[in-house]
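Down below is the structure, laid out as structure tokens.
As the structure is a computational prediction, the values presented were derived from the model and not from experiment. Computed from heavy atoms alone, side chains included, the values below leave out hydrogens, waters and symmetry copies.
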Amino acid sequence: MESNLLPTLSDEAPRVRRPRGLVTEIVESLAASIREGQLKPGDKLPTEAEIMARFDVSRTVVRESISKLQASGLVETRHGIGTFVIENRDAGNFKIAAADFATVNDVISVLELRISLETEAAGLAAQRRSTENLEAMATALRAFQDSIHADSDAVPPDFQFHMEVARATGNRHFEDLMTYLGTMIIPRTRVNTPQSAPEGRLLYLQRVNGEHENIYNAIRSQDPEAARAAMRTHLSNSRERLRRGQTLDASPGV
């Protein structure tokens, strides 16, 4: 991997909290509270002022976050009263819940779904990305690298990178789907792959972020086929790492 292909990731580059990143942070936090049952159907969300204070953001950011939760079918706003969590009215339709990640095979199944969806998202992102999209991806890559050296599992910046690729498609449905799925699509939230990796945690996470950089470079170069190939390779590698881990766990004496 040629690090000089990432000039925007220099140590001197400014690290700015972008409004879009703040929206994602709020949406993810509230969506997780709903998915995990901390906020139940009928419960009222905190007021705009409370959310502004909690996340240190503007009213505009809060309102965009609520709009995205509404678009995902998680909440509804009753004018003059507040915003409330709603029942899942489409229980018979497609959904992926925490229970669908109970086993390694479940995680692999979701990865196979992601391969088809995110491969095309990467191709579209390469065609449509803006300078702002590239900066947001670069910020996620830097955050991932910082997390590695902070002894973190790097899940939030990992998810953020994939979210920014989805956003760069210019098709809100890709972004909405990623918001709906949340960080649980990152295998490390369910399986401790870094600690079980033969090369060790540090090299494992560096390899994952190196794969992210390959995707970024292809998108930055506006090469759709290279972007698709890089995303497919990245997610396929994740799947194969999980499969190898299963084989080792099942082997006698291992």
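We find the CD1-CG distance between Ile66 and Leu30 to be 6.0 Å, quoted to the nearest 0.5 Å. Note: Met178 CE to Thr183 OG1 = 10.0 Å, rounded to the nearest 0.5 Å. If you take CD on Gln206 and NE2 on His149, they are separated by 6.0 Å, rounding to the nearest 0.5 Å. The line from CD of Gln70 to OG1 of Thr83 is 6.0 Å long, rounded to the nearest 0.5 Å. Asn237 contributes atom CG, which lies 11.0 Å from atom CG of Leu111 (distance to the nearest 0.5 angstrom). In this structure, Asp176 CG and Leu69 CG are separated by 10.5 Å, a value rounded to the nearest 0.5 Å.
By the side-chain hydrogen bond (donor to acceptor under 3.5 Å, both in side chains) test, Ser29 is found to be paired with Arg54, residues two or more places apart in sequence or in another chain being considered. For Arg128, there are no salt bridge (Lys or Arg N to Asp or Glu O under 4.0 Å) partners at least two apart in sequence or on another chain. Residues satisfying the side-chain hydrogen bond (donor to acceptor under 3.5 Å, both in side chains) criterion with Gln222, sequence neighbours excluded, are absent altogether. The salt bridge (Lys or Arg N to Asp or Glu O under 4.0 Å) test applied to Arg232 returns no partner, not counting sequence neighbours. When the side-chain hydrogen bond (donor to acceptor under 3.5 Å, both in side chains) test is applied to Thr233, no partner is found at least two apart in sequence or on another chain. Take Ser130 and apply the side chain to side chain contact (heavy atoms under 4.5 Å, CB included) test, not counting sequence neighbours, and it matches Glu132, Asn133. For Ser236, the side-chain hydrogen bond (donor to acceptor under 3.5 Å, both in side chains) criterion is met by no residue, not counting sequence neighbours. In this structure, the side chain to side chain contact (heavy atoms under 4.5 Å, CB included) partners of Glu120, at least two apart in sequence or on a different chain, are Leu124, Arg228. With sequence neighbours excluded, no residue forms a salt bridge (Lys or Arg N to Asp or Glu O under 4.0 Å) with Asp43. Residues passing the salt bridge (Lys or Arg N to Asp or Glu O under 4.0 Å) test with Glu50: none are found, sequence neighbours excluded.
Both Val57 and Val75 are members of a single hydrophobic cluster when ILVMFWY side chains are connected at heavy-atom separations under 4.5 Å. Note on Met163 and Ile186: same hydrophobic cluster, where clusters join Ile, Leu, Val, Met, Phe, Trp and Tyr whose side-chain heavy atoms are under 4.5 Å apart, directly or indirectly. No continuous path of hydrophobic side-chain contacts links Leu181 to Phe174 [ILVMFWY only; heavy atoms under 4.5 Å]. Grouping the Ile, Leu, Val, Met, Phe, Trp and Tyr side chains by contacts below 4.5 angstrom, directly or via other members, places Met231 with Ile115.
Looking at Ser116, its side chain does come within 3.5 Å of a backbone N or O of Leu113 through a donor-acceptor pair. Formation of a donor-acceptor pair under 3.5 Å by the Ser152 side chain with backbone atoms of Ala154 is found in this model. The main-chain N or O of Ser65 is never found under 3.5 Å from a side-chain atom of Lys68 such that the two would form a donor-acceptor pair. At least one donor-acceptor pair closer than 3.5 Å links the side chain of Thr169 to the backbone N or O of Asn171.
Of the N and O atoms on the side chains of Arg142 and Thr139, at least one donor lies less than 3.5 Å from an acceptor on the other residue. Between Arg114 and Ser238, the side chains place no donor N or O within less than 3.5 Å of an acceptor N or O (distance only, hydrogens not considered).
Residues Ile148 and Gln145 form a side-chain contact, since some pair of their non-hydrogen atoms from C-beta on lies under 4.5 Å apart. Tyr180 places a side-chain heavy atom less than 4.5 Å from the side chain of Leu177.
Sorted by first then second residue, the ring-ring contact (aromatic ring centres under 6.0 Å, His included) pairs that include residues 106-138, not counting sequence neighbours, number zero. Screening residues 221-240 for ring-ring contact (aromatic ring centres under 6.0 Å, His included) gives His162-His234, His212-His234 as the qualifying pairs, with residues at least two apart or on separate chains.
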List the steps, then state whether side chain to side chain contact (heavy atoms under 4.5 Å, CB included) holds for Glu135 with Thr131.
-> CA-CA 6 Å; Glu135 290 173 352; Thr131 300; 3.7 Å; yes
Could you walk me through whether Leu205 and Asn209 pass side chain to side chain contact (heavy atoms under 4.5 Å, CB included), step by step?
-> CA-CA 6 Å; Leu205 291 176; Asn209 208 33; over 6 Å; no
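Salt bridge present: Glu240 and Arg243 bring a charged side-chain N and a carboxylate O closer than 4.0 Å.
The heavy-atom pair separating Ile219 from Ala125 by the smallest distance is CG2-O, 3.8 Å.
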